[in-house]
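Here the structure is laid out as structure tokens; the discussion comes afterwards.
Sequence positions, counted from 1, serve as the residue numbers for this chain. Just so you know, these numbers come straight off a predicted model, no measurement behind them.
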Amino acid sequence: MTDFTTRPDIRGTFGTVTSTHWIASSVGMSMLERGGNAFDAAVATGLVLQVLEPHLNGPAGDLPAVFHDVEKGDGVLAAQGPAPAAATIEHYRAQGLALIPGSGLLSTVVPGAFDGWMLMLRNHGILPLRDVVAPTIAYARDGHPMLPRVADAIAGLAEYLAAEWPSSAAVWTPGGELPQAHALFRNPDLARTYERLVEAGEAAGDDRTAQIDAARTEWAEGFVADAVAEFLETAEVHDGSGQRNRGVLSRADMAGWRAGIEPPLTYDYHGWTLNKTGPWGQGPVLLQSLAILKHVDLASMDPMGADFVHTVIEAMKLSYADREAYYGDPAHSDVPMEHLLSDAYNAERAALIGAEASLEQRPGRVPGFEHQADAYVARAAHDFGVSGIAAQEPTMAHLTERRGDTVHLDVIDRWGNCVAATPSGGWLQSNPVVPGLGFPLNSRAQMFWLEEGLPTSLAPGRRPRTTLTPTLATHADGTRLVFGTPGGDQQDQWQLVWFLRYVHHGLGLQEGMDAPLFHTMHFQGSFYPRAVKPGEMMIEPGVGEACIASLRARGHRVTEAGPWTVGRLTAARRAPDGGLTAAATPRLMQAYAVGR
């Protein structure tokens, strides 16, 4: 489309790392330089992001990753912790709750991120445990330049933390002082936690696998689990419900869970095979959107024009309605995924895209599952107009809500190993810091409903249906892409727009990231208070006034975002000849791709 981009595509053959923070990208590259592979680099990058962006992820958060291992094939790292054994609808209803709060101890599931990173390192990496964790320990102990957005987040919460979450105040406002943007910030408790985990590993001997296993055990059954259990024994925490509640996470919950590896859910589209998580994440919604749009001639449309935007928005409304009606943990619910991705079903769905914007919630009618579609339509109608911001990207400048968000990273090494990961949860806004550990618990249980009979009903051992959704795509010629973005409900929307312009209109990696993005807020939001905003969409002004006017004329309720304020995409590509390319969004001015 244009030869101009804000940054060059990064090109090379040795390796490339992208992430939502330049230091993290450089840390990952340092692992490749010392002989590590993409998995070592991904783990080092992911761990240090917990230090650099604590308002967006943490050790007790969640972690999905999709990967290609040149020796072991494709897989999904499933490090989403489940609901605790005592997390029943009856218990939560007895606390006077209709929705699970967006923060606090009742919103906590079993921590997943740390064990997930260790499983990836154990099964697919090659570097020693200490080498990979060392940068995280150093930046937590010696300090890193604090991002202005982290400083702002802490400043906005400082009064609350001092009054309600004193253990958090001690970490984020040391000595009662607000941290300053770009000044060095230290988290010595977190540094000590990671040092102790590494020491526990090294105490197991010289064998690399034994060390990593020992660190995982120390987390789930040793001093980390002890500290969490001791804290929860007496803690009554003020949360998003406006009341103080006790948690239900137990030491046994932590001891009884470990991350796992699953096969990806796949879909073929115009010569590409896309790999996503199962329906315990929202990943299949991108596949469903592609399955609908396969029946539309997108290539003939202007990728910045109103026809393209309208068509993609309407397809996403349909696929996201199905997400709300049918997705959930497949270990606990029957999810009709084969039907939802079938050609016949999606031909019918594509036929619903008309000339005007739909204001209805229209999940498909899957035989035997009609009651779930009815339940979603009724719930969405009930929750229409709920106050609060939903279906938004918390790290964007045009928003002010206090929940956390997500980070993302992509890595490809010289051998062809590929990783895309979207860590999240355990935000500094989600819960008080566990005393002595330097990090808080997560708030992922807010994705559950306190209603019986849904695939997303709260139930012990069930994984919440998250919004975390990295992507791996492989072309028939052998080209591989790994990509993703933070952004809650928008993650698959922004990825879809970027991928469609790449496939159908030839936009380069960086060119596509620089192009104006858009998303719909039509469906029920995944985060408290779960608002529904029929027909509403957001778009960057770079598409032009004529496009925006045309969308409004078609009935879309358009919010015009500020220029370059939507999306945090990063991506990396490996060509069949081994050539590497990578790119990162200029939005927020902190994501970077590095490589050589």
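Counting only residues at least two apart or on different chains, no salt bridge (charged side-chain N to carboxylate O under 4.0 Å, His left out) pair has a member in residues 64-80. Within the structure, ring pair (Phe, Tyr, Trp, His ring centres under 6.0 Å) pairs that include any residue of residues 463-489 comprise W272-H475, F483-W498, F483-F499 (at least two apart or interchain).
For R258, the side chain to side chain donor-acceptor pair (under 3.5 Å) partners at least two apart in sequence or on another chain are E221. For T581, the side chain to side chain donor-acceptor pair (under 3.5 Å) partners are R11, R573, not counting sequence neighbours. When the ring-ring contact (aromatic ring centres under 6.0 Å, His included) test is applied to Y345, the partners found at least two apart in sequence or on another chain are H339. The ring-ring contact (aromatic ring centres under 6.0 Å, His included) test applied to H124 returns F39, F67, not counting sequence neighbours. Partners of H270 according to the ring-ring contact (aromatic ring centres under 6.0 Å, His included) rule, which considers only residues two or more places apart in sequence or in another chain, are H504. Considering only residues two or more places apart in sequence or on other chains, R501 meets the side chain to side chain contact (heavy atoms under 4.5 Å, CB included) condition with P303, M304, F308, V497, H505, L507, A515, L517, F518. Here E348 pairs with nothing under the side chain to side chain contact (heavy atoms under 4.5 Å, CB included) rule; sequence neighbours left out. P263 meets the side chain to side chain contact (heavy atoms under 4.5 Å, CB included) test with no other residue; sequence neighbours excluded. Looking at residues two or more places apart in sequence or on another chain, you find a side chain to side chain contact (heavy atoms under 4.5 Å, CB included) between E53 and T20, H21, L49, H55, L56, N57, L147, V407, R568, Q590. Here Y320 pairs with F523 under the ring-ring contact (aromatic ring centres under 6.0 Å, His included) rule; sequence neighbours left out.
Within the 3.5 Å criterion, the main-chain N or O of R349 finds no donor-acceptor partner in the side chain of N346.
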